[in-house]
Amino acid sequence: MIADFTYHTPTKLYFGRGVIKDLPGVLGRFGKNVLLTYGGGSIKKIGLYTKIRELLCDFSVVELSGIEPNPKYDPSVVTGARLCKENHTDVILAVGGGSVLDCSKAISVCAKYDGEGWDLISGKVRAEASIPVVDVITLAATGSEYDCGCVISHTALCDKRGYLDDLLFPAASFLDPEYTFSVSRWQTACGTADAVNHVLEQFFASPHSTFNDGMMISALRSLMENVPTALEHPDDYGARSELMYVCTLACNGILANGAGSSGWPMHSIEHALSAYFDITHGAGLAVITPRWMKEILSPRTAERFVTLGTELFGFDKNIPDAETANKVIDAFYAFFESIGIPMHLAQLGVTADKIGEMADHILKKDSTENEWMYVSLDKDALVRILTASM
Ligand code: NZQ
Ligand code: ZN
């Protein structure tokens with residue numbers, strides 16, 4: 001069944017080799033004053049920075065560099081918002097991974113707000129305006145290039161917030177798979193794990209339909225089949241292009257139109273882990289995924305596992321549901337391990353002494369206990385998942 005839904009994505013996608021040639025025309029629609037944002041230097045190593053500066057020769061450009069993974073409200077968002085106000089920025093051009101883009105999205109609303117920007121990000125105040133954001137995404141992972149979310153860390157508050165608002169959709173996203181050839185094995189694996197998890201967060205929901213299931217299983221198959229090739233041959237355009245496009249769609253909501261929502265519990269847990277230990281998002285999700293699956297497995301949820309088992313992994317339809325479900329859980333564990341992700345939180349630097357505190361943090365921020373979750377998770381359940389993940 002397809003349940004009622006509303007869907008709108010205003011972001012224009014430019015996909016393929018050399019698409020950034022259209023960048024000046026797209027930016028020019030918004031004005032001449034550009035804030036160019038980027039991270040720690042990967043765009044300089046691959047020659048993209050030089051190319052962008054050439055394309056922007058007719059624009060007045062101010063730069064914000066050094067945006068870190070798990071982007072920080074202070075200094076990055078605060079500084080960016082100040083630069084926009086001082087320079088009357090017409091458009092923000094984000095060049096890099098999801099962290100650069102998320103930071104730029106947060107800047108785009110904070111720059112149009114006179115109060116404390118964290119009040120917008122934390123949901124205390126609703127944003128009323130934003131500066132348009134255009135991006136050149138260089139890492140296949142988050143899907144931020146096609147969604148209305150950003151995730152920002154506030155170090156002083158030990159908080160990492162997912163912030164959603166239609167104002168945060170990029171105006172245009174440029175996706176050239178060649179810019180992902182230089183992505184390291186670690187980030188390629190973690191980016192893919194992130195997108196696999198995005199699909200699973202939407203797959204474990206009720207109601208759902210044959211059509212939703214088909215799209216999501218196809219997305220999972222593309223990610224899982226192409227990542228080994230990208231790891232072995234980083235400049236394989238075919239594999240990189242599939243990863244890039246599937247990652248772009250995986251977080252946009254289109255895969256789950258007409259289906260129920262699971263409440264994205266694994267992201268709630270991972271955001272607490274990143275807030276406390278600054279770990280790589282996709283790695284944290286990979287570790288949690290099989291443990292969360294074990295926690296929610298029940299006669300009610302078994303059907304979801306069986307669909308994955310038979311349609312994605314090709315398991316025999318005649319074996320008992322519980323057995324299939326456990327084989328599915330083992331298959332995801334083996335997949336994440338095979339692409340080089342250490343499957344224990346301790347290996348990522350997480351310490352067990354914070355588990356109780358993190359469980360309280362998750363409940364306070366994300367209400368995983370609510371009845372609208374596909375499977376509600378109380379404190380004991382969160383502690384069990386985190387402990388099993390250690
Ligand atoms: O900083 P630079 O030098 O650019 O290096 C980055 C960074 O060190 C590097 N990198 C990016 N493109 C590269 C490259 N290295 C070589 N070649 C390239 N072409 O990769 C490193 C990680 O970058 P980052 O942007 O942090 O990775 P990702 O895209 O995975 O973003 C992760 C962030 O996004 C949030 C996560 O929580 C995390 O903060 N998420 C955002 C979402 C959204 N907006 O919808 C949803 C996700 O679930 C997620 O929570
Ligand atoms: Zn994610």
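Along the sequence shown, residues are numbered consecutively beginning with 1. Since the model is a prediction, treat every value here as computed from it, not as a measurement. Atoms within each ligand, like the ligands themselves, are counted from 1 in listed order.
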Enumerate, atom names and distances included, each donor-acceptor pair closer than 3.5 Å involving a side-chain atom of residues 337-349, sequence neighbours excluded.
residue : atom : partner : partner atom : Å
Ser338  : OG   : Phe335  : O            : 2.6
Gln347  : OE1  : Met343  : N            : 3.4
Gln347  : OE1  : His344  : N            : 3.1

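- The set of protein atoms (N, O or S) found at less than 2.8 Å from the Zn ion (ligand 2) reads Asp194 OD1, His198 NE2, His267 NE2, His281 NE2, by chain and number.
- Counting heavy atoms from C-beta outward, Ile279 and Glu270 have side chains that approach closer than 4.5 Å.
- Of all the heavy atoms in Ala111 and Ile131, the pair that sits closest is CB-CD1, 3.7 Å.
- Ser144 and Asp102 make their closest contact through OG-OD1, 2.7 Å (heavy atoms, listed as atom of the first residue, atom of the second, distance).
- Remark: Lys327 is positioned above the aromatic ring of Phe315, its terminal NZ or CZ atom under 6.0 angstrom from the ring centre and at most 45 degrees off the axis.
- Both tests pass for Arg304 against the ring of Phe203: distance under 6.0 Å to the centre and angle within 45° of the axis.
- Taking the ring axis of Tyr374 as reference, the NZ or CZ atom of Arg300 stays within 45° of it and closer than 6.0 Å to the ring centre.
- Checked for salt-bridge contact, Lys379 and Asp360 meet the test: a charged N lies under 4.0 Å from a carboxylate O.
- The contact shell of ligand 1, taken as protein residues with any non-hydrogen atom closer than 4.0 angstrom, comprises Gly39, Gly40, Gly41, Ser42, Pro69, Asn70, Pro71, Gly97, Gly98, Ser99, Asp102, Thr138, Leu139, Ala141, Thr142, Ser144, Asp147, Gly149, Cys150, Val151, Lys160, Tyr179, Ser182, Val183, Gln187, Asp194, His198, Cys251, His267, His271, His281.
- Under the 4.5 angstrom side-chain criterion for Ile, Leu, Val, Met, Phe, Trp and Tyr, the cluster partners of Met373 are Trp372.
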